[in-house]
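Just so we're on the same page: letters track the sequence lines, and every chain starts at 1. Values below: every heavy atom of this structure, side chains too, minus hydrogens, waters and symmetry copies.
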Amino acid sequence: MNEQPIISVRNVNFYYDSFHALKDISLDFAPNSVTALIGPSGCGKSTLLRLLNRMNDLIDKIRLEGEIIFEGKNIYDPGVDPVEVRKRIGMVFQKPNPFPKTIYKNISYAPKLSGVNNSDELDAVVEQSLRQAVLWDEVKDILNRSAMTLSGGQQQRLCIARALAMKPDIILMDEPTSALDPISTAKIEELIDELKKDYTIIIVTHNMQQAARVSDKTGFFYLGSLIEYDVTKKIFTMPQVKQTEDYITGRFG
Amino acid sequence: MKPNHIFFSRETKERIIKRFFLFCAFISVGVLALILFSLFHGGMPLFETVNIKSFLLGMEWYPTFEPPEFGIFPLIIGSLIVTTISTCIAVPLSILLAVFTAEVAPDYLKNTVKVIIELLAGLPSVVLGFFGMVVIAPILQDSFNLPSGLNIINASLILSIMVVPTIASLSDDALRAVPKEYKEASYALGATRFETIAFVIIPGALSGIFTAIILGMARAIGETMVVLMVAGGAGAIPESIFDSVRPMPASIAAEMGEAPRNGLHYHALFAIGMVLFFITLAFNIVADYVSRRFKEGGSSSL
Ligand SMILES: Nc1ncnc2c1ncn2[C@@H]1O[C@H](COP(=O)(O)OP(=O)(O)OP(=O)(O)O)[C@@H](O)[C@H]1O
Ligand SMILES: [Mg+2]
């Protein structure tokens with residue numbers, strides 16, 4: 001993959017107060033690909049993910065050095081509005097977090113914020129997003145029911161649909177299947193494969209098989225450093241660094 | 001094994017603890033029942049002489065005349081009107097304050113404002129009443145050229161000062177209880193802070209806010225000292241917000257000392273107490289019903 005990266009992290013150091021959470025990270029994400037971020041708990045995967053759409057801005061006492069370039073511009077430049085960044089870079093969380101509103105209102109939330117008020121247009125976005133997230137057939141008759149009544153797996157696909165409705169370029173997923181059963185997990189993995197055609201996906205996972213199944217490239221993190229970053233097949237068959245090998249074979253510690 | 005296990009098995013201990021809590025619950029229910037009993041015991045005899053309709057809807061409250069009149073409609077209206085106006089003043093203020101302390105303010109300001117709200121809540125009502133008499137009343141009297149500044153608007157203002165802390169702090173709790181996940185979801189969907197507050201946080205806290213409002217109203221309608229001191233005390237249907245009124249608690253407090261024990265007037269005052277009790281009960285039932293409904297359906301039931 002020698003395409004132009006859609007987003008690249010350049011020499012990023014990140015601190016929570018005095019805690020140095022990310023240490024000199026540099027990596028590029030290719031468009032229309034799936035990148036997996038793996039590593040033991042606390043190594044900074046979520047931190048990096050949340051830096052990419054400026055969600056960490058919501059936390060007090062943080063400090064960032066380095067740049068994150070998206071479409072040729074550093075998203076941390078003083079003139080950049082984090083709200084605009086988040087509109088382009090969607091996020092799906094570990095725990096499904098639909099709003100306690102109807103299914104329809106969940107999906108139409110972002111389009112409405114962007115000023116879509118025409119109900120035909122909204123209906124179309126809702127249907128399209130739910131279809132893309134392979135949830136349409138299950139919910140098309142209950143769009144006005146509370147999203148809280150859906151199963152966990154359905155809720156997570158709803159959250160994906162909700163992010164898609166915003167028409168982002170990149171979708172960040174932080175352990176999206178860790179709260180789900182194997183069947184829902186398989187559905188979401190299929191979905192990721194499908195979404196890759198139109199979106200760039202960056203996914204954090206603790207599930208090695210999942211990383212191997214869904215991703216094109218994989219980055220291994222350890223204690224805030226990026227240890228190895230390469231094509232997934234290579235990471236899983238012949239890792240260059242001993243730590244990576246130990247981790248993916250479960251001989252860690 | 002710990003030593004007390006020799007004497008009591010775990011089941012026995014659990015049974016003792018359960019009994020103890022049951023006993024405590026029983027005591028408080030018992031006390032409540034006693035209070036209600038004395039309230040009804042004091043109030044019911046009135047209805048042997050005066051029928052309920054002329055009591056509730058009667059326009060004349062002349063308990064000491066010969067023959068006496070026991071119509072409390074003006075008193076009910078007096079109570080409802082000061083409660084309504086004070087709620088209208090207090091609700092927007094309290095919600096703004098709660099949003100400020102729960103969501104917007106930086107930590108140091110948040111704490112300062114919360115301390116001020118708590119101080120306000122701790123003010124004895126007689127002090128507020130005094131403030132109404134010596135500060136608000138003259139201002140009202142001068143600016144609107146009134147014979148007296150002790151009237152509906154004065155009482156409503158003072159009552160709203162009293163209920164702001166109740167509504168604001170309960171609403172603050174409700175806003176804080178909105179799960180962080182919802183806020184994150186909203187921000188991640190490109191919402192601004194204002195949009196997140198308006199479309200996710202406030203709707204998520206609505207049942208709590210509503211409960212807070214109802215409890216604030218219950219507090220306002222039962223509040224005695226303030227209305228006794230600054231509402232003016234006229235037992236007639238008011239025609240403007242500058243008229244004086246005599247809300248129910250004010251009547252009870254003012255007249256109980258002079259009403260001969262077990263006389264008709266005495267029973268009538270207890271009967272007013274019953275009416276107040278039913279109104280606050282209704283408020284609580286509504287508050288309970290609302291928070292229950294919301295819990296089931298989430299704010300999607302909106
Ligand atoms: N809000 C915060 N304030 C302070 N420290 C934090 C905060 N969030 C995370 N950290 C610290 O930063 C480090 C990296 O956290 P992060 O959540 O990125 O790890 P992770 O790799 O996602 O772990 P996991 O796999 O358990 O989700 C951890 O040591 C954590 O304690
Ligand atoms: Mg994480």
>> Which residue is it: A/Arg162, A/Lys87, A/Arg86, A/Met91? I am looking for the one with a side-chain contact (heavy atoms from CB on, under 4.5 Å) to B/Leu189.
In response: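 One option only clears the test, and that one is A/Arg162.
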
> How long is the span from the CZ atom in A/Phe93 to the CD atom in B/Glu184, to the nearest 0.5 Å?
Replying inline: 5.0 Å

> Where is the tightest heavy-atom contact between B/Ala185 and A/Asn97, given as atom of each residue plus distance?
Replying inline: CB-ND2, 3.4 Å

Kindly check if the number of other-residue, nucleotide or ligand heavy atoms within 6.0 Å of [atom1] ([X]) is above 12?
| X | atom1 | answer |
| --- | --- | --- |
| A/Lys140 | NZ | yes |
| B/Phe210 | CZ | no |
| B/Lys110 | NZ | yes |

>> Go through it in stages, so that I can follow the logic: the residues are A/Asp57 and B/Tyr187, the test is side chain to side chain contact (heavy atoms under 4.5 Å, CB included), and I'd like the CA-CA distance, side-chain angles, deciding distance and then a yes or no.
In response: CA-CA 10 Å; A/Asp57 287 26; B/Tyr187 283 119; over 6 Å; no

> Using non-hydrogen atoms only, which part of A/Pro168 is less than 4.5 Å away from chain B: side chain, backbone, both, or neither?
Replying inline: neither

>> Please evaluate residues A/Lys112 and B/Glu195 with respect to the criterion salt bridge (Lys or Arg N to Asp or Glu O under 4.0 Å), reporting the C-alpha separation (whole Å), side-chain torsions for both, the decisive distance (0.1 Å), and the verdict.
In response: CA-CA 11 Å; A/Lys112 270 189 174 165; B/Glu195 288 163 340; over 6 Å; no

>> Does any part of the side chain of B/Tyr182, heavy atoms only, come nearer than 4.5 Å to the side chain of A/Pro100, both counted from C-beta?
In response: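 Answer yes - side chains close enough.
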
> Does a side-chain heavy-atom distance below 4.5 Å link A/Phe99 with B/Pro203?
Replying inline: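 They are not in contact (no side-chain heavy atoms under 4.5 Å apart), so the answer is no.
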
> If you count heavy-atom pairs under 4.5 Å between each of A/Leu58, A/Leu172, A/Asn53 and chain B, which one has the most?
Replying inline: A/Leu58

>> If we define contacts as heavy-atom pairs under 4.5 Å, which of A/Met55, A/Arg88, A/Arg54, A/Arg50 has the most with chain B?
In response: A/Met55

